[in-house]
Peer 1: 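After the structure tokens below, expect a handful of questions from me.
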Number of protein chains: 2
Amino acid sequence: MTTPRPGLRERKKQATREALREAALRLAVERGPDQVRVEDIAEAAGVSPRTYNNYFASREQAIVSAVTADREARIAAAVAARSAEVRLADAVTEAVVEQYTNAGEREQRALLLITTQSALRDAFLDATADIEPPLTAVIAERLDGAEAHTARVLAASVAAAVRIALESWLRPAQNAETAGSRAAGGLVVPSGSLSGQLRAALAPLAPAFDAAEQHTQP
Amino acid sequence: MTTPRPGLRERKKQATREALREAALRLAVERGPDQVRVEDIAEAAGVSPRTYNNYFASREQAIVSAVTADREARIAAAVAARSAEVRLADAVTEAVVEQYTNAGEREQRALLLITTQSALRDAFLDATADIEPPLTAVIAERLDGAEAHTARVLAASVAAAVRIALESWLRPAQNAETAGSRAAGGLVVPSGSLSGQLRAALAPLAPAFDAAEQHTQP
DNA sequence: CAGGAAAAGTGCGTGCACGCAAGTTTGCGT
DNA sequence: ACGCAAACTTGCGTGCACGCACTTTTCCTG
């Protein structure tokens, strides 16, 4: 059911994607991230430059994707794996934290590379939006009595919160003014562990999850 | 206080931006949106093409910006204008609905144009992210006792919800599968008035606002 | 097992985003 | 008033995203 027919076609496609990911990351590490052209990545992966961006919309996306891999799917799976007994809010939070803190050795080094270049950081942050569709699916499964949009809104909010957490984790202190963040007098100094950031960012959403959950099972 | 010194410099800058907006929209309406090159817009506004994209990162952004204008600021102002007595969740919801449904005649026609081209729709949807920073500021002002991230997370969630509402308002029925939306059996058919969509999308977030608000004034 | 439809890959051309290094205007201090 | 420094504009060059039309590969069905 999970894999009805991989199909030769689909497998070659994934192989090509993987080759591109790999080539992009390797080249970016060897020379600087700036010193890698799309042409180089395509050549290293053995496809044409045109094919390259049938797979990736930007050069940065390919590099980041080697780290990100299929994090979206893993998060969704981790939520689904949790018992329906636990609070949905907790299931989501723990799944997210778990998937973002379990970083392999290679991923750790790649992340270090990413933080050096602002274009790469942006691409990395943008990648968090990808968790929305699969997360919508698992949340909707737990809330099948709820309003149509609810699951999507919650999933999108989680994505936004994760993005914020990663953002303030990547920049310990933004030197310039933070565009409307210094609202009520004092300035914010969030800095902390990644899992701490994630939990803090997701916490404000818990009441929304609770309310949605109680709508279906009163 | 609101306008310490406009300054000649700043006024010319805004005039240029306005001229570009105007030219972009006018040309897009006259010929099709596809038949407008950056060069044309720049020429019509009396600046160089290079200057054009000191102001706008993409061609679509310029066109959309003529409709969007300073909606972000107006939403934030509309929230701030509401009494501190009313529920924050309601203040935000009403401010958003108010600013999105008060469309001038010209804006209405421009919106019609936008819906015709997918690149324009995307740019229009992306523009909703701009409400986050000003919204963060006004929310933070109402929640000054709360956790640092809370205001940002709530503002970002609102932006996400608004995006979802606009999205499903722009496409009455997405013909293909909606990437993980058909989770629990039946398929969704949201379609409705814009204000209805907005309220429905924002409703699930209300509990989160309430909880945050009670943290500061118990 | 053939034949044809659908999908993936490719070559080419066009317009664009953006860095860089001038040139030009605005603003401010002395 | 003068001139300097910062902000804005502009020309140029490079790499890139993406549409289009065409070839090659994969898959399905009679």
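First the proteins, then the strands, lettered A, B, ... as listed; each starts at 1.
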Peer 1: Taking 4.0 angstrom as the limit, do Glu167(B) and Arg121(B) come out as a salt bridge?
Peer 2: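 The answer is no: the pair does not qualify as a salt bridge.
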Peer 1: Does a side-chain N or O from Lys12(A) land closer than 4.0 Å to OP1 or OP2 of dT26(D), or not?
Peer 2: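 For dT26(D), OP1 or OP2 has a side-chain N or O of Lys12(A) closer than 4.0 Å.
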Peer 1: Measure from CD1 on Ile41(A) to P on dG15(D) and round the result to the nearest Å.
Peer 2: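 One finds 14 Å between P of dG15(D) and CD1 of Ile41(A), rounded.
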Peer 1: When you get a sec, tell me which of dT10(C), dA17(D), dT10(D) is the closest nucleotide to the side chain of Asn54(B)?
Peer 2: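 Given the options dT10(C), dA17(D), dT10(D), the side chain of Asn54(B) is closest to dT10(D).
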Peer 1: What's the CZ-C1' distance between Arg17(A) and dG9(C), to the nearest Å?
Peer 2: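 Whole-Å distance recorded here is 14 Å.
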Peer 1: So what does Phe56(B) touch, heavy atoms closer than 4.0 Å: a base, only the sugar-phosphate, or nothing?
Peer 2: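 Nothing, no nucleic acid heavy atom in range.
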Peer 1: So does Thr51(A) get a side-chain nitrogen or oxygen closer than 4.0 Å to the phosphate oxygens (OP1/OP2) of dT10(C)?
Peer 2: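 Result: yes.
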Peer 1: Which nucleotide, dA17(C), dT10(D), dA17(D), lies nearest any side-chain atom of Val38(A)?
Peer 2: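 When the side chain of Val38(A) is considered, dA17(D) is the closest of dA17(C), dT10(D), dA17(D).
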Peer 1: Can you find a pair of side-chain heavy atoms, one from Phe56(A) and one from Val38(A), that are under 4.5 Å apart?
Peer 2: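 A side-chain contact is absent here, since even the closest heavy-atom pair is not under 4.5 Å.
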Peer 1: In whole Å, what is the span from the CG atom of Asp40(A) to the C1' atom of dG15(D)?
Peer 2: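 Result: 11 Å.
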Peer 1: So do the side chains of Leu125(B) and Leu170(B) get within less than 4.5 Å of each other, counting heavy atoms only?
Peer 2: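 In short, these two side chains touch, coming nearer than 4.5 Å.
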Peer 1: Is any side-chain N or O of Tyr55(B) closer than 4.0 Å to OP1 or OP2 of dT9(D)?
Peer 2: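 Tyr55(B) to dT9(D) OP1/OP2: side-chain N or O found under 4.0 Å.
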Peer 1: Rounded to whole Å, how long is the line connecting atom CD1 of Ile63(B) with atom P of dC16(C)?
Peer 2: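 Spelled out: CD1 on Ile63(B) to P on dC16(C) is 11 Å.
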Peer 1: Separation of Arg59(A) atom CZ from dA17(C) atom P, in whole Å?
Peer 2: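 Those two atoms, CZ and P, are 16 Å apart.
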Peer 1: If I take atom CD in residue Gln61(A) and atom P in nucleotide dC16(D), what distance separates them, rounded to the nearest angstrom?
Peer 2: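 Roughly 14 Å, once rounded to whole Å.
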Peer 1: Measure from CD on Glu43(A) to P on dC16(D) and round the result to the nearest Å.
Peer 2: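 Result: 13 Å.
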Peer 1: With no hydrogens and no angle check, do the side chains of Ser65(B) and Arg21(B) hold a donor and an acceptor under 3.5 Å apart?
Peer 2: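 Indeed, the side chains of Ser65(B) and Arg21(B) share at least one donor-acceptor pair under 3.5 Å.
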Peer 1: Look at the side chain of Arg50(A) and the base of dG19(D), then say whether one donor and one acceptor between them are separated by less than 3.5 Å.
Peer 2: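 Counting by modelled atom types and ignoring angles, a donor-acceptor contact under 3.5 Å is found here.
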Peer 1: Whole angstroms only, please: what is the CG-P distance between Leu20(A) and dA17(D)?
Peer 2: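 Rounded to the whole Å, the gap is 13 Å.
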Peer 1: Does atom CD of Glu105(B) have more than 12 heavy-atom neighbours from other groups under 6.0 Å away?
Peer 2: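 Result for CD/Glu105(B): open.
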Peer 1: Look at the side chain of Tyr52(A) and decide which nucleotide, out of dT10(C), dA17(D), dC16(C), has an atom nearest to it.
Peer 2: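 For Tyr52(A), the side-chain atoms sit closest to dA17(D).
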